[in-house]
Number of protein chains: 2
Amino acid sequence: MRRDVFQAIADPTRRAIIALIALQAMTPNAIAENFNTTRQAVSKHLRVLTECELVKQEYQGREIYYSLEIEKMKEIDKWLDQYRKIWETKFNQLDELLTKMKTQAKK
Amino acid sequence: MRRDVFQAIADPTRRAIIALIALQAMTPNAIAENFNTTRQAVSKHLRVLTECELVKQEYQGREIYYSLEIEKMKEIDKWLDQYRKIWETKFNQLDELLTKMKTQAKK
DNA sequence: TATATTTGCAACCGAATAGTTTCATAATAT
DNA sequence: ATATTATGAAACTATTCGGTTGCAAATATA
């Protein structure tokens with residue numbers, strides 16, 4: 001099964017899980033308490049997140065603590081970078097235009 | 001049908017379309033030439049992209065030029081921001097640790 | 001040892017998704 | 001006027017997705 005980060009963050013529940021475990025590791029049970037779905041459904045989401053390495057597990061007895069693999073989030077940032085260049089250029093163009101207008105207004 | 005940006009960028013073909021029209025507006029026909037799918041399939045992708053406002057249309061006779069709505073891309077960047085804070089903090093912590101080690105090494 | 005808890009996995013289901021083929025509409029060219 | 005071109009929409013299909021229920025394995029507790 002091919003999993004990629006973009007597919008993983010497409011689902012709103014998974015984005016919520018990511019937000020939940022971003023700052024502290026949590027067990028599937030604890031995570032599931034925050035949603036209106038079954039624990040098993042959350043488990044499936046965690047599986048997807050694990051498969052694309054957005055999440056890491058830490059075994060502690062019979063419990064498994066899930067936490068965010070923040071490095072993987074940078075992948076999205078990296079993808080965004082090409083577009084960031086575009087909107088920054090557009091901003092610069094607007095900036096230049098405004099400077100031009102100011103200069104002309106002084107005349 | 002509820003469309004959001006995250007669902008839109010989940011599909012690899014749609015991400016490729018976004019990349020294609022990021023710098024210059026293109027017609028559906030021209031876009032479709034770059035893929036191994038039918039023009040109609042591309043048309044459906046453009047519909048999804050239009051519905052979530054990632055793309056804007058410009059009518060020119062019987063042709064429609066599609067181009068990227070760069071502002072919408074910032075929405076993803078905005079979402080990433082909360083996680084950017086985390087990885088920057090982690091980097092700072094590492095930075096502090098390295099400074100500490102250097103200081104101790106001098107002793 | 002017997003029981004309870006935590007968890008993942010398999011099987012199933014309905015809805016959504018991405019693709020195809022076919023068709024309708026509007027603009028342009030001959 | 002007729003043919004061609006550009007496009008979107010509809011109908012259909014196979015596959016994937018997110019959810020459920022039921023079960024098994026491993027660990028903790030009585």
Side-chain angles (χ1 to χ4, degrees), chain A residues 1-21 24-69 72 76 79, chain B residues 1-21 24-69 72 76 79:
Chain A
M1 215 146 294
R2 325 196 84 230
R3 302 280 188 197
D4 69 272
V5 192
F6 296 100
Q7 200 225 326
I9 63 165
D11 184 81
T13 305
R14 278 197 295 267
R15 285 200 303 279
I17 291 176
I18 288 174
L20 258 179
I21 63 173
Q24 53 173 349
M26 290 175 78
T27 64
N29 261 328
I31 295 168
E33 277 171 15
N34 297 274
F35 299 99
N36 289 328
T37 58
T38 58
R39 180 193 55 77
Q40 285 91 332
V42 170
S43 192
K44 279 178 82 171
H45 283 305
L46 287 170
R47 198 188 139 103
V48 174
L49 292 170
T50 305
E51 275 172 4
C52 71
E53 297 170 306
L54 255 172
V55 140
K56 60 184 171 233
Q57 303 165 304
E58 201 183 316
Y59 291 80
Q60 218 165 99
R62 68 180 160 188
E63 291 180 329
I64 305 174
Y65 283 85
Y66 285 87
S67 60
L68 184 61
E69 189 69 79
K72 200 72 180 183
I76 306 165
W79 175 77
Chain B
M1 216 144 296
R2 327 198 79 231
R3 302 280 189 198
D4 69 271
V5 191
F6 296 101
Q7 198 225 330
I9 63 165
D11 184 81
T13 306
R14 277 196 295 266
R15 286 200 301 281
I17 292 176
I18 288 173
L20 258 181
I21 62 172
Q24 54 172 348
M26 290 174 79
T27 64
N29 260 327
I31 296 169
E33 277 170 16
N34 297 274
F35 300 99
N36 290 327
T37 59
T38 58
R39 179 192 56 77
Q40 286 90 334
V42 170
S43 193
K44 279 178 81 174
H45 283 306
L46 286 170
R47 198 189 139 106
V48 174
L49 292 170
T50 307
E51 274 173 3
C52 71
E53 296 171 305
L54 255 173
V55 140
K56 59 186 171 230
Q57 303 164 304
E58 200 184 318
Y59 291 80
Q60 217 166 100
R62 68 182 160 187
E63 290 180 330
I64 304 174
Y65 282 86
Y66 284 87
S67 60
L68 183 61
E69 189 70 77
K72 200 71 180 184
I76 306 164
W79 175 76

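Model, not experiment: these values are computed from the prediction. Below, chain A is the first sequence line, B the second, and so on; all start at residue 1.
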Inset, instruction - Find out whether Ile76(B) and Trp79(A) are in side-chain contact, i.e. whether some heavy atom of one side chain is under 4.5 Å from a heavy atom of the other. - result: yes

Inset, instruction - Quick one: label Tyr66(A) by what it contacts on the DNA or RNA (base, sugar-phosphate, nothing), any heavy atom closer than 4.0 Å. - result: sugar-phosphate

Inset, instruction - Measure the distance from CG on Asn36(B) to P on dA18(C) and round it to the nearest whole Å. - result: 17 Å

Legend entry - Glu33(A) CD - dT7(C) P separation (whole Å): 10 Å

Inset, instruction - Could you tell me whether the phosphate oxygens of dG8(D), OP1 or OP2, come under 4.0 Å of any side-chain nitrogen or oxygen in Ser43(B)? - result: yes

Inset, instruction - Starting from C1' on dC17(D), measure out to CZ on Arg47(A) and report it in whole angstrom. - result: 13 Å

Legend entry - 5' precedence on DNA chain D between Pro28(B) and Gln60(A) (nearest-nucleotide basis): Pro28(B)

Legend entry - Heavy-atom side-chain proximity of Leu20(A) to Phe35(A) below 4.5 angstrom: yes

Inset, instruction - May I have the distance from Phe35(A) (atom CZ) to dT20(D) (atom C1'), rounded to whole angstrom? - result: 17 Å

Inset, instruction - Answer yes or no: does a side-chain N or O of Thr27(B) lie under 4.0 Å from OP1 or OP2 of dA6(D)? - result: no

Legend entry - Side chain Ser43(A), main chain Arg39(A), donor-acceptor under 3.5 Å: no

Legend entry - Thr13(B) vs dA18(C): side-chain N/O to OP1/OP2 distance below 4.0 Å: no

Inset, instruction - Side chain of Arg14(B) only, please: which of dA18(C), dC17(D), dA6(D) is the nearest? - result: dA18(C)

Legend entry - For atom CD1 of Ile64(A) and atom P of dT6(C), their distance in whole Å: 13 Å

Inset, instruction - Taking only the side-chain heavy atoms of Glu63(B) (C-beta and beyond), determine which of dT5(C), dT7(D), dG19(C) contains the nearest atom. - result: dT7(D)

Inset, instruction - Ignoring hydrogens and angles, answer whether the base of dT7(C) and the side-chain atoms of Arg62(A) contain a donor-acceptor pair closer than 3.5 Å. - result: no

Inset, instruction - Check every atom of dT7(D), dG18(D), dT20(C) against the side chain of Lys44(B) and return the nucleotide holding the closest atom. - result: dT20(C)

Legend entry - Lys56(A): partners by salt bridge (Lys or Arg N to Asp or Glu O under 4.0 Å), with sequence neighbours left out: Glu69(A)

Inset, instruction - Please work out if Arg39(B) contacts a base, only the sugar-phosphate, or nothing of the nucleic acid, heavy-atom cut-off 4.0 Å. - result: base

Inset, instruction - Compare the minimum distances between each of dA6(D), dT20(C), dT5(C) and the side chain of Ala41(B), then state the nucleotide with the smallest one. - result: dT20(C)

Legend entry - Phosphate OP1/OP2 of dT5(D) contacted by Asn29(B) side-chain N/O (<4.0 Å): no

Inset, instruction - Considering just the side-chain nitrogens and oxygens of His45(B), establish if one lies under 4.0 Å of OP1 or OP2 belonging to dG19(C). - result: yes

Inset, instruction - Using heavy atoms to find the nearest nucleotide of DNA chain D for Gly61(A) and Asp11(A) separately, return the residue whose nucleotide is more 5′. - result: Asp11(A)

Inset, instruction - Would you mind reading off the distance between Gln7(A) atom CD and dA16(C) atom P, rounded to a whole angstrom? - result: 17 Å

Inset, instruction - For the pair Arg15(A) (side chain) and Ile9(A) (backbone), establish whether a donor and an acceptor sit closer than 3.5 Å, ignoring hydrogens and angles. - result: yes

Legend entry - From dT20(C), dG22(D), dT7(D), nucleotide with atom closest to Gln40(A) side chain: dG22(D)

